[in-house]
Amino acid sequence: MKKKLGANALQTLEDIVALMAVTHDPDRLDELEDLRVKLTRQISLLVDQSLDEESKAYKKAVAGLQAASTTIEQAIKGLEAVAEAINTAAQAVELVAKVAAMA
Amino acid sequence: MLACTLAAALLAGCGLTVHQRAALLDFNRAATEFSSATANEFQYTRNDVIKLNIYRDQLGDASLDPDRMDGNFSPDRLKIRLDAMAALQSYADLLQNLVNGSQQEELQSASDLLVTNLRKVKGVSLSDNQAGAIAKAVASVGGLWVEHKRKQATCEVVKQADAPIKSLLAIVAREFRLDSSTNWVAGYRTTAITLIGRAAFLENRDTNVPLTSLANLREARAYARTVTNRIDIVSPNIISAAHSLRAAQNRLHSALTSADIGTADITAFAAQVDDFVMLYKAITTK
């Protein structure tokens, strides 16, 4: 019900404003102005609620993306580890060379 | 040597294909541009709302809450949206590093060091040709292993990010729908439309309004109309770009899990996002 009400509210505000642009009768203008003020406040409340709901949804999606990003960082470290492994082997061989030279 | 040859044979063809790499880079370029343009739009709309509300304040609008000159767009709400776009961009950057990053030079220098140290071992004698062959074999097996692991990681990550990316794009699309009265863009349009209404009231209600005030309210109304005209063009394009990026994510997921699925679609969807960004920059430059 709230969604249906909200869906029409902005269109109603546009209709009221369009009517105000062509109305010159002071009493009628005051009525329209009163409606504009009330409706603007009402829409603002609905938007507040909706934005907070969407904020929660954003946070959930961001948490999922951050988990994927962490996986990528770990994978990149894993790839770098291959060169590190060869370097470690090279250091081990150098140690063997030193020991062999002392013998 | 035999082990190297065997490993090379086993791992050959296990890396990402040229087309898969290109598709990933296209996707990531599009994701980066989309997140940047959308983040800009969130910030832009908030700045505009403050400006519109200053006009409303000057025109004595009773519907304005003077303690909330940024209307529905509080710093906290804006930050959540900018953080979401930053997370999308960060994901895109990291994925690009994973796909593009090359360990080839590091592998070659590590292999060279291994051979140099091997030559120092007493009793080991290697000709230049033999040394070169060993270094090359070690580096190439390392390279194949890296490519194999790169593909595995990329597939896993794209799969893991599939749901959050689609969810995030769906929220952005919802926030920019013009047929809603409760989303982000409704908060923006309401501010502009109600300002037009206040200006119309003052102009038509008091026929003795001073000329200076008349000029101010006409300026306010003109600005509010610029705002609604601009967002009416931008909103459908943001939604369209979000849909294109979602479609590209779908194809990317399929392209990485099956070699039979082409990657041309991803490039086409990424191009649609590029078109949006070009249009957006053209109509949003102040």
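Everything quoted here is computed from the prediction, not taken from an experiment. Per chain, numbering begins at 1; letters A, B, ... match sequence-line order.
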Which atom of [X] lies closest to which atom of [Y], heavy atoms considered:
{"X": "B:Ser111", "Y": "A:Ile86", "answer": "N-CG2, 3.8 Å"}
{"X": "A:Ala68", "Y": "B:Val157", "answer": "O-CG2, 4.1 Å"}
{"X": "B:Leu95", "Y": "A:Ile72", "answer": "N-CD1, 3.7 Å"}

Can you measure from [atom1] ([X]) to [atom2] ([Y]) and round to the nearest 0.5 angstrom?
{"X": "A:Leu51", "Y": "B:Leu78", "atom1": "CG", "atom2": "CG", "answer": "11.0 Å"}
{"X": "A:Gln66", "Y": "B:Asp83", "atom1": "CD", "atom2": "CG", "answer": "8.5 Å"}
{"X": "B:Ser63", "Y": "A:Leu39", "atom1": "OG", "atom2": "CG", "answer": "10.0 Å"}
{"X": "A:Ile43", "Y": "B:Thr194", "atom1": "CD1", "atom2": "OG1", "answer": "8.0 Å"}
{"X": "B:Leu195", "Y": "A:Arg36", "atom1": "CG", "atom2": "CZ", "answer": "8.5 Å"}
{"X": "B:Leu98", "Y": "A:Glu73", "atom1": "CG", "atom2": "CD", "answer": "11.0 Å"}

Part of [X] lying under 4.5 Å from any heavy atom of chain B:
{"X": "A:Thr23", "answer": "backbone"}
{"X": "A:Gln91", "answer": "both"}
{"X": "A:Ala92", "answer": "neither"}

Flag the pair [X] / [Y] as yes when at least one side-chain heavy-atom distance between them is below 4.5 Å, and no otherwise.
{"X": "A:Glu33", "Y": "B:Arg198", "result": "yes"}
{"X": "B:Arg81", "Y": "A:Glu54", "result": "yes"}
{"X": "A:Leu32", "Y": "B:Phe201", "result": "no"}
{"X": "A:Leu65", "Y": "B:Leu168", "result": "yes"}
{"X": "B:Glu175", "Y": "A:Tyr58", "result": "yes"}
{"X": "B:Ser167", "Y": "A:Lys60", "result": "no"}
{"X": "A:Thr40", "Y": "B:Arg56", "result": "yes"}

Backbone N or O of [Y] within a donor-acceptor pair of the [X] side chain at under 3.5 Å?
{"X": "B:Asn117", "Y": "A:Val93", "answer": "no"}
{"X": "B:Asn72", "Y": "A:Ser44", "answer": "yes"}
{"X": "B:Asn204", "Y": "A:Ala21", "answer": "yes"}
{"X": "B:Ser181", "Y": "A:Leu10", "answer": "yes"}
{"X": "B:Arg150", "Y": "A:Leu79", "answer": "no"}

Considering only heavy atoms and a distance below 4.5 Å, find which of [options] pairs most often with chain B.
{"options": "A:Leu45, A:Asp30, A:Ile16", "answer": "A:Asp30"}
{"options": "A:Val22, A:Leu29, A:Leu95, A:Thr88", "answer": "A:Leu29"}
{"options": "A:Gly64, A:Gly78, A:Ser50", "answer": "A:Ser50"}
{"options": "A:Lys59, A:Glu80, A:His24", "answer": "A:His24"}
{"options": "A:Asp48, A:Asp52, A:Asn87", "answer": "A:Asp48"}
{"options": "A:Ala18, A:Ala85, A:Ala75, A:Ala57", "answer": "A:Ala57"}

Do other residues, nucleotides or ligands put more than 12 heavy atoms under 6.0 Å from [X] [atom1]?
{"X": "B:Arg21", "atom1": "CZ", "value": "yes"}
{"X": "B:Lys136", "atom1": "NZ", "value": "no"}
{"X": "A:Arg28", "atom1": "CZ", "value": "no"}

Determine the option with the most heavy-atom pairs under 4.5 angstrom with chain A, choosing from [options].
{"options": "B:Lys149, B:Arg68, B:Arg77", "value": "B:Arg77"}
{"options": "B:Thr190, B:Ile196, B:Val172, B:Leu107", "value": "B:Thr190"}
{"options": "B:Asn183, B:Thr154, B:Asp76, B:Leu114", "value": "B:Leu114"}
{"options": "B:Thr228, B:Leu88, B:Val115, B:Leu94", "value": "B:Leu94"}
{"options": "B:Arg174, B:Lys166, B:Lys159", "value": "B:Arg174"}

Taking only Lys NZ, Arg NE, NH1 and NH2, and the carboxylate oxygens of Asp or Glu, determine whether A:Arg41 and B:Asp65 approach each other closer than 4.0 Å.
->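 The answer is no: the pair does not qualify as a salt bridge.
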Would you check, one step at a time, whether the test side-chain contact (heavy atoms from CB on, under 4.5 Å) holds for B:Leu113 with A:Glu94?
-> CA-CA 9 Å; B:Leu113 182 66; A:Glu94 189 177 24; over 6 Å; no
Dump the intermediate steps for salt bridge (Lys or Arg N to Asp or Glu O under 4.0 Å) on A:Asp25 and B:Arg205, then the final yes or no.
-> CA-CA 8 Å; A:Asp25 176 74; B:Arg205 181 72 176 79; over 6 Å; no
With a 4.5 angstrom heavy-atom cut-off, is it the side chain or the backbone of [X] that approaches chain A, or both, or neither?
{"X": "B:Glu156", "answer": "side chain"}
{"X": "B:Leu64", "answer": "neither"}
{"X": "B:Val158", "answer": "neither"}

Are A:Thr71 and B:Gln160 close enough that a side-chain donor and a side-chain acceptor fall under 3.5 Å?
->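 A:Thr71 vs B:Gln160: donor-acceptor pair found between side chains.
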